[in-house]
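Quick notes on the structure that follows.
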Amino acid sequence: MSKEKYVVYIAVLTASFGYIFDFDSAVISSSIEVLANTFKIDKQMIGTLITIVLVGGLIGGFLAGYFSEKIGRKKTILYSLLGFLIGGFITTFSLNIEMFMLGRLVMGLGLGSIFLVGAIYVIEISPIETRGRNGTINQLFMPFGLVVGFWLAYLITNGLTNRFILDNSWRVLFFLETFQGLIIFILFLRIPESPRWLYLKGYKDKARESLGKVLSDERIEKVMEELDATSVSKKAEDKINFRKINKGVKIVIVLVVISAIFRQFSGINPIIYYAPEIFQETSSVSTSGYFQSVTMGIYEILGSVIVLFLIDKYGRKKLLFYGTLVMTISLGYLTYALFYKERGVYDVYSVYIYNLTYTVAFGTALTVYISEIAPNSIRSLGVTLFNVINYIFDITLTQIYPAIDLRSESLPFFIFFIISVLSLFFIPLIPETKGKTLEEIGEYWNKIK
């Protein structure tokens, strides 16, 4: 296998983390009713079933940043996958609701960790020319997980007549999810460690060896020279003294926090919450939850494909800005339609366009950007901070949105619209990362005193 193809293979394998992440969402969404009957639980407990994996993901993501710096990207991913497998088996063979919740929590720990560290890993091992594309592949695979998960659930619940299998369909689905995780774990055993982490820890020879698997000899020497020039040596492994960090790094941290807030308050979770109601009221065909979920997944795939082909050519900022612009227009229309109670087929189109452009901007381009923007020495910290804030607001908005929606359907969307408008003023202020090595990006921030 050529080095170019090997990099793509690594990117695809790392992207399988995103696939599993959304496959899990499809499995739990499709299993709510049968789980409620199996364990005899009420609506409040159903809500907890959904959010428990997010809590696990929050904790896993928080811990992943520390361990990825301490023991390496590859080991953190492997241990996280192992935890995910253990949680998957506990969930699959649960005898009661307590056992099921424990399994879901452990699965969440693994999912949150591999998703975060995987994004860092693929950026650090990719050549500069294809770094954006490789980071995008991860987001491209996520909606595939959603589509495949709902498709399998549909086949099991609608294509089988065996009562025992139907009553235990959730066990079949979680077993299939766990089995896929096992395959990923086995394949990842042979993947090299991140060369930049190795260099950061002082293992220069191993870093050179790791680079040799993905770059030409000429490029290896250039990257090693850049690493030397930016003084990213073993000294960088010392703990960061936040009182003495330079102004540039402080700006990076602020940029990461603001980006995470803009991403969550763009309304993605409430839009997904609201979508079934729109489809039910405007189209007889779309009343099928399966059809709606698959269609949303297809639009996410389309958005990821757009980024895949354009991100390395036009850059991150342009995709972020124009994607957010169209997304904001869609939010504005939805706010108007909800306020004046004007329901129609245009609501459906607005949701689809919103989903497409959210995937382009905040779903994909921003994820790649955040993985690149921080200097090597604090990349784990930056990505961890971004993901932790996302999880916190994800859990919060999922819990409080239904209550707000009962009082005013349009108010939450008006807030999302205003915040999206503000993000249009923020995006032009951030630096572009297209065409720059990770070391050049780090040096840019280090020069700001």
Side-chain angles (χ1 to χ4, degrees), residues 119 123 128-129 131-133 135-136 139 245-268 271 303-335 350 353-375 378-379 381-383 385-387 389-390 393 413-449:
I123 290 298
I128 182 174
E129 299 88 356
R131 195 175 65 222
R133 183 200 68 188
T136 301
Q139 298 298 314
I245 57 175
N246 63 37
K247 186 178 178 181
V249 174
K250 290 178 182 177
I251 293 173
V252 172
I253 294 172
V254 171
L255 185 156
V256 167
V257 172
I258 292 175
S259 297
I261 292 172
F262 278 144
R263 186 188 197 190
Q264 278 302 312
F265 278 91
S266 63
I268 184 62
I271 285 284
S304 297
V305 169
I306 290 171
V307 179
L308 185 73
F309 286 103
L310 300 182
I311 192 166
D312 286 316
K313 184 176 182 180
Y314 294 105
R316 290 56 163 156
K317 282 180 66 173
K318 284 185 178 179
L319 291 177
L320 261 172
F321 183 82
Y322 290 111
T324 303
L325 177 63
V326 180
M327 185 184 75
T328 303
I329 294 170
S330 298
L331 278 172
Y333 175 79
L334 283 170
T335 303
S350 293
I353 292 171
Y354 169 89
N355 199 43
L356 171 69
T357 51
Y358 173 89
T359 302
V360 169
F362 289 145
T364 305
L366 183 62
T367 300
V368 173
Y369 183 81
I370 293 298
S371 300
E372 297 174 324
I373 195 62
I378 65 159
R379 181 164 296 111
L381 172 65
V383 176
L385 186 61
F386 181 77
N387 279 272
I389 293 172
N390 268 286
F393 282 114
F413 287 87
F414 178 69
I415 295 171
F416 301 147
F417 169 72
I418 294 298
I419 292 176
S420 293
V421 170
L422 292 176
S423 70
L424 290 173
F425 291 94
F426 170 73
I427 293 169
L429 303 177
I430 65 177
E432 178 61 83
T433 57
K434 168 183 169 289
K436 298 177 182 177
T437 66
L438 297 179
E439 289 65 47
E440 288 172 340
I441 296 168
E443 191 63 20
Y444 169 84
W445 295 115
N446 289 331
K447 286 179 180 179
I448 301 176
K449 305 298 183 181

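None of these values were measured; they are calculated from a predicted model.
Sequence neighbours left out, not one pair with a member in residues 319-329 passes side chain to side chain donor-acceptor pair (under 3.5 Å). Applying the side chain to side chain donor-acceptor pair (under 3.5 Å) rule to pairs touching residues 360-374 yields Arg131-Glu372, Arg263-Thr367, Arg316-Glu372, Glu372-Thr433, sequence neighbours excluded.
Of all the heavy atoms in Ile378 and Val249, the pair that sits closest is CD1-CG1, 3.4 Å. Looking at every heavy atom in both residues, Gly323 comes nearest to Thr357 through O-CB, 3.4 Å. The two residues Ile311 and Ala365 have their closest heavy-atom pair at CD1-CA, 4.3 Å. Looking at every heavy atom in both residues, Ser420 comes nearest to Met327 through OG-CE, 3.8 Å. Residues Ser330 and Ile353 come closest through the heavy atom pair OG-CG2, 3.4 Å. Heavy-atom minimum distance, Thr136 versus Ser304: CG2-O, 3.4 Å.
Looking only at distances, no side-chain donor or acceptor of Lys317 sits under 3.5 Å from a matching main-chain atom of Pro431. Of the possible polar contacts, one joining the Thr335 side chain to the Phe413 backbone as a donor-acceptor pair under 3.5 Å is found.
Taken to the nearest 0.5 Å, the OH atom of Tyr333 stands 14.0 Å off from the CD1 atom of Ile329. Atoms CD1 and CZ, on Ile418 and Phe265 in that order, are 14.0 Å from each other to the nearest 0.5 Å. Note that NZ of Lys434 is 9.5 Å distant from CD1 of Ile128, once rounded to the nearest 0.5 Å. Put simply, CD on Gln264 and CZ on Phe416 are 9.5 Å apart, with the number rounded to the nearest 0.5 Å.
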Exercise for review: For side chain to side chain contact (heavy atoms under 4.5 Å, CB included), just list the numbers for Ile448 and Trp445, CA-CA rounded to whole Å, side-chain angles, deciding distance to a tenth of an Å, and then say yes or no.
Suggested key: CA-CA 5 Å; Ile448 301 176; Trp445 295 115; 3.8 Å; yes
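The aromatic rings of Tyr354 and Tyr358 sit parallel, their planes meeting at an angle under 30°, below the 60° perpendicular limit.
For the pair Phe386/Leu366, a side-chain contact is recorded, criterion being any heavy-atom separation below 4.5 Å from C-beta on. A 4.5 Å side-chain heavy-atom check between Asn355 and Ile268 finds at least one atom pair inside the cut-off.
By the side chain to side chain contact (heavy atoms under 4.5 Å, CB included) test, Ile258 pairs with Val254, Phe262, Phe426, sequence neighbours left out. With sequence neighbours excluded, no residue forms a ring pair (Phe, Tyr, Trp, His ring centres under 6.0 Å) with Phe414. Taking the side-chain hydrogen bond (donor to acceptor under 3.5 Å, both in side chains) definition, one finds that Glu432 meets it with nothing, sequence neighbours left out. With sequence neighbours left out, the side chain to side chain contact (heavy atoms under 4.5 Å, CB included) criterion links Leu310 to Ile306, Tyr314, Leu319.
With Ser259 as reference, Leu255 is the one residue of Val256, Val257, Leu255, Ile261 to meet the side-chain contact (heavy atoms from CB on, under 4.5 Å) rule. If you run side-chain contact (heavy atoms from CB on, under 4.5 Å) between Ile430 and each of Ile251, Leu320, Ile373, only Leu320 comes through.
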